[in-house]
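Structure first, commentary second.
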Amino acid sequence: MLVFHAKELMEAQAKGGRAYREFLRTDAMSAGVYALPAGAEDKQKPHSEDEIYYVLSGRAKFFFD
């Protein structure tokens with residue numbers, strides 16, 4: 001079993017200087033931390049895989065077609 005701590009993941013992402021930092025990759029899935037400043041828009045294009053968004057701090061609005 002793998003255990004990840006949100007605080008540590010967020011700190012590592014912030015130190016990396018990029019909006020996205022992957023922390024897990026297996027044949028079945030990958031996971032990462034994607035941090036945006038307040039008021040920012042997610043400019044990513046839709047992916048072919050399913051996605052899960054989990055807000056660790058602040059608030060978010062999610063719109064989809």
Side-chain angles (χ1 to χ4, degrees):
M1 179 169 78
L2 299 173
V3 176
F4 300 97
H5 298 276
K7 182 179 177 184
E8 293 171 6
L9 295 174
M10 291 171 63
E11 289 171 353
Q13 181 277 328
K15 289 178 185 175
R18 299 179 72 197
Y20 181 76
R21 179 181 174 96
E22 185 176 75
F23 63 86
L24 174 68
R25 177 170 290 274
T26 70
D27 291 339
M29 66 169 284
S30 68
V33 174
Y34 185 47
L36 297 173
E41 181 179 334
D42 182 354
K43 299 288 186 178
Q44 297 182 95
K45 301 292 182 211
H47 298 87
S48 59
E49 300 88 10
D50 291 337
E51 298 181 65
I52 296 172
Y53 287 81
Y54 185 79
V55 178
L56 295 173
S57 66
R59 295 183 294 180
K61 291 182 181 179
F62 185 85
F63 301 96
F64 71 98
D65 284 332

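Only a predicted model underlies this, so the values are computations on that prediction, with no experimental measurement involved.
Between S57 and M10 the shortest side-chain heavy-atom distance falls below 4.5 Å. Contact annotation: the side chain of E22 approaches that of Y20 to within less than 4.5 Å [non-hydrogen atoms, C-beta and beyond]. Proximity of Q44 to Y34: side-chain heavy atoms (C-beta onward) are separated by under 4.5 Å at one or more points.
The shortest non-hydrogen separation linking L24 to L2 is CD1-CD1, 3.8 Å. Of all heavy-atom pairs between R18 and Q13, the closest is O-NE2, 2.5 Å.
Hydrophobic clustering (ILVMFWY, side-chain heavy atoms < 4.5 Å, transitive): Y53 and V33 are in distinct clusters.
Taken from CE in M29 to CD in E49, the straight-line distance is 11.5 Å, to the nearest 0.5 Å.
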